**Student:** 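Okay, here's the structure, questions in a sec.
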Amino acid sequence: MPEGHVIHRLAQVLEATFADTAVRVSSPQGRFSEAAALLDGRQLRSTDVHGKHLLLGFGPEHTVHVHLGLYGRFEVHDRPAEPPRGAVRMRLQTATAHADLRGPARCALVTSDEVAALHDRLGPDPLRDDDPTRFVDRLQRSASAVGRLLMDQTVAAGVGNIYRAEALFRAGINPMTPGREIPTVLAAEIWADLVALMRLGLANGRIDTVRAEHAPQVSGRPPRVDAHGGEVYVYRRAGQPCLICAHEVRTEVVAGRNLFWCPRCQPAADPVPT
DNA sequence: ATCCGATGTCAAT
DNA sequence: TTGACCTCGGATC
């Protein structure tokens with residue numbers, strides 16, 4: 001259940017574990033057997049990540065496109081593989097290591113054209129040093145709520161439900177604010193904060209938006225340690241007191257996911273006087 | 001033992 | 001907007 005930083009980290013681990021050696025590729029579950037046979041014995045030549053999409057390059061026209069979706073997992077172990085338990089879609093293995101992919105939304109051999117189309121479709125990724133002006137432009141050209149736009153992978157690739165809620169909290173922006181009402185400087189600041197937060201998440205291996213550099217001061221209140229392994233201001237804290245102002249954190253489904261915000265720290269803009 | 005929701009996306013409506 | 005995908009950990013009975 002990853003946001004983009006998890007996929008970037010996964011790519012690093014896979015590269016470190018499997019580079020420069022022949023990799024046995026199989027599909028114990030069977031649903032990837034045909035492609036696995038084509039890849040078996042090749043070397044992992046490259047990895048690439050855009051948003052939440054992982055690309056494993058086993059040579060020209062031998063790229064595997066992986067997307068974990070909501071419940072996929074890709075676990076890497078520095079020990080020889082044992083007979084798989086449960087459904088393993090794709091297994092990579094050497095004499096000393098193995099990696100098991102389970103429950104992905106997508107695991108498929110793709111052409112270079114399909115790779116190009118994927119990159120074209122996705123918006124800038126805060127972890128790819130992409131151009132922030134594309135993000136700012138998309139935001140400011142839309143009447144949609146910013147809380148919706150941040151979940152749109154053509155607007156910002158790799159941002160998920162936690163970073164959406166936390167970035168908006170840190171910026172003090174009400175999630176229902178139309179993108180076009182967000183000033184350029186503020187939009188650029190949201191991007192810069194996403195870059196900082198996601199880089200920190202990549203380095204730490206977990207999300208922490210409270211102790212992150214430049215975070216708003218948590219006046220006298222201890223940060224809440226989130227049960228999911230990170231520390232957050234509002235994510236999944238519906239009904240609990242805001243860590244800054246003690247107002248009750250609200251929640252509402254936006255873009256199909258539960259969005260969380262503090263109505264006091266993130267007030268709706270004043271109505272335009274008539 | 002069982003239910004439910006989840007760091008996601010797409011196709012069908 | 002809704003259901004499907006197809007997995008698991010935590011809450012609840």
Side-chain angles (χ1 to χ4, degrees), chain A residues 1-11 13 27-32 49-55 65-75 84-91 99-108 110 114 117-123 125-127 144-145 147-170 175 193-195 197-210 212 224-240 249 251-261:
Chain A
M1 301 180 261
E3 300 197 17
H5 67 296
V6 175
I7 310 304
H8 282 263
R9 168 166 273 240
L10 173 60
V13 172
S27 179
Q29 173 204 52
R31 287 180 60 182
F32 191 62
V49 177
H50 192 156
K52 300 160 191 165
H53 298 256
L54 170 65
L55 297 163
H65 176 204
V66 174
H67 195 296
L68 294 181
L70 190 50
Y71 21 70
R73 299 189 168 202
F74 205 163
E75 293 181 343
R85 295 189 308 278
V88 176
R89 181 78 57 88
M90 177 173 70
R91 166 173 276 186
D100 285 346
L101 173 64
R102 299 166 187 272
R106 181 169 170 80
C107 172
V110 291
E114 288 172 313
L118 176 69
H119 287 305
D120 283 349
R121 176 165 64 82
L122 294 171
D125 180 341
L127 291 175
S144 291
R148 184 176 298 277
L149 291 167
L150 285 182
M151 288 296 276
D152 184 339
Q153 299 298 294
T154 71
V155 174
V159 175
N161 202 22
I162 301 179
Y163 284 126
R164 153 174 85 163
E166 296 296 302
L168 289 173
F169 178 89
R170 285 162 58 92
D193 201 34
L194 287 169
V195 170
L197 290 176
M198 293 178 73
R199 279 183 182 164
L200 190 71
L202 174 60
N204 290 347
R206 63 192 187 86
I207 293 175
D208 182 342
T209 64
V210 175
R224 171 184 184 271
V225 177
D226 182 74
H228 291 74
E231 292 171 1
V232 292
Y233 283 105
V234 290
Y235 176 70
R236 277 228 219 173
R237 295 196 61 241
Q240 298 177 50
V249 172
T251 185
E252 189 174 317
V253 174
V254 175
R257 316 299 304 284
N258 292 322
L259 171 62
F260 305 86
W261 79 100

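Below, all heavy atoms of this structure are taken into account, side chains as well, without hydrogens, waters or symmetry copies. Owing to the predicted nature of the structure, the values given are computational and were not obtained by experimental measurement. Chain A is the first sequence line, chain B the second, and so forth, proteins listed ahead of strands; every chain is numbered from 1.
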**Student:** Could you tell me the separation between the CE atom of A:Met198 and the P atom of B:dT7, rounded to a whole number of Å?
**Tutor:**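 The answer, rounded to whole Å, is 15 Å.
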
**Student:** Nearest-Å distance, CG (A:Leu127) to P (B:dT7)?
**Tutor:**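 These atoms are roughly 19 Å apart.
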
**Student:** Would you say A:Asn161 places a side-chain N or O within less than 4.0 Å of OP1 or OP2 belonging to B:dA6?
**Tutor:**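 No, outside the criterion.
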
**Student:** With C1' as the reference atom in both, quote the distance from B:dC10 to C:dC8 in angstrom, rounded to an integer.
**Tutor:**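 Rounded to whole Å, the distance is 22 Å.
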
**Student:** Take the protein atom CZ of A:Phe74 and the nucleotide atom P of B:dG8, then report the distance between them rounded to whole Å.
**Tutor:** 19 Å

**Student:** Please examine the side chains of A:Met151 and A:Asn161, heavy atoms only from C-beta on, and report whether any two atoms are closer than 4.5 Å.
**Tutor:**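 They are in contact (side-chain heavy atoms under 4.5 Å apart), so the answer is yes.
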
**Student:** Of the options C:dT7, B:dT9, B:dT7, whose atoms approach the side-chain atoms of A:Ala87 most closely?
**Tutor:**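 Closest of the options to the side chain of A:Ala87: C:dT7.
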
**Student:** In whole Å, what separates the C1' atom of B:dT9 from that of C:dG9?
**Tutor:** 22 Å

**Student:** Expressed as a whole number of Å, how far does the P atom of C:dC6 sit from that of B:dA1?
**Tutor:** 26 Å

**Student:** Indicate the atoms forming the closest heavy-atom contact of A:Phe32 with A:Arg89, along with that distance.
**Tutor:** CB-O, 3.5 Å

**Student:** What are the two closest non-hydrogen atoms of A:Tyr235 and A:Glu166, and how far apart are they?
**Tutor:**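 Looking at all heavy atoms of both residues, the shortest contact is N-OE2, 3.0 Å.
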
**Student:** Taking atom C1' in both B:dG5 and C:dG3, compute the distance separating them and give it to the nearest angstrom.
**Tutor:** 16 Å

**Student:** Hey, is the side chain of A:Arg236 poking within less than 4.0 Å of OP1 or OP2 on B:dG5, counting only N and O atoms?
**Tutor:** no

**Student:** Counting side-chain heavy atoms from CB outward, which of B:dA6, B:dT7, C:dG9 is closest to A:Ile162?
**Tutor:**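 The closest nucleotide is B:dT7.
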
**Student:** Taking CG from A:Leu150 and P from B:dT9, how many angstroms apart are they, rounded to a whole number?
**Tutor:**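 One finds 13 Å between P of B:dT9 and CG of A:Leu150, rounded.
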
**Student:** Considering just the side-chain nitrogens and oxygens of A:Arg9, establish if one lies under 4.0 Å of OP1 or OP2 belonging to B:dT7.
**Tutor:** no

**Student:** Evaluate the side-chain proximity of A:His67 to A:Leu118: yes if any heavy-atom separation is below 4.5 Å, no if none is.
**Tutor:**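 No. Closest side-chain heavy atoms not under 4.5 Å.
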
**Student:** Would you please confirm or rule out a distance under 4.0 Å between OP1 or OP2 of B:dT9 and any side-chain N or O of A:Lys52?
**Tutor:**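 For B:dT9, OP1/OP2 do have a side-chain N/O of A:Lys52 under 4.0 Å.
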
**Student:** Could you state the atom-to-atom distance from CG of A:Asp125 to P of B:dG8 in whole Å?
**Tutor:**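 The distance from CG of A:Asp125 to P of B:dG8 comes to 13 Å, rounded to the nearest Å.
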
**Student:** Hey, does the side-chain of A:Tyr71 have a donor or acceptor N/O within less than 3.5 Å of a partner on the base of C:dC6?
**Tutor:** yes

**Student:** Between B:dG8, C:dC6, C:dG9, which one does the side chain of A:Ala105 approach most closely?
**Tutor:**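 Between B:dG8, C:dC6, C:dG9, the one nearest the side chain of A:Ala105 would be B:dG8.
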
**Student:** Which whole number of Å gives the distance between the P atom of C:dA4 and that of B:dC4?
**Tutor:**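 Pairwise P distance, C:dA4 against B:dC4, rounds to 16 Å.
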
**Student:** Mind checking A:Arg164 for me? I need base, sugar-phosphate or nothing, with any heavy atom below 4.0 Å counting as a touch.
**Tutor:** nothing

**Student:** Would you say A:Gln153 reaches B:dT9's phosphate, i.e. side-chain N/O to OP1/OP2 under 4.0 Å?
**Tutor:** yes

**Student:** Would you say A:Glu252 and A:Leu259 make side-chain contact, with heavy atoms under 4.5 Å?
**Tutor:** no

**Student:** Report which part of the nucleic acid A:Arg257 touches: base, sugar-phosphate, or nothing (heavy-atom distance under 4.0 Å, all strands).
**Tutor:** base

**Student:** Over how many whole Å does the gap from A:His67 atom NE2 to B:dT7 atom P extend?
**Tutor:**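 That distance rounds to 14 Å.
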
**Student:** Classify the nucleic acid contact of A:Arg206 as base, sugar-phosphate or nothing, counting any heavy atom under 4.0 Å across all strands shown.
**Tutor:**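 No contact.
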
**Student:** Find the distance A:Glu3:CD to B:dA6:C1' and express it as a whole number of Å.
**Tutor:** 11 Å

**Student:** Rounded to the Å, how far apart are A:Leu70 CG and C:dC6 P?
**Tutor:** 13 Å

**Student:** If you check the A:Tyr235 side chain, which of C:dC8, B:dG8, B:dA6 turns out closest?
**Tutor:** B:dA6

**Student:** Does the side chain of A:Val232 come within less than 4.5 Å of A:Val234's, by heavy atoms?
**Tutor:** no

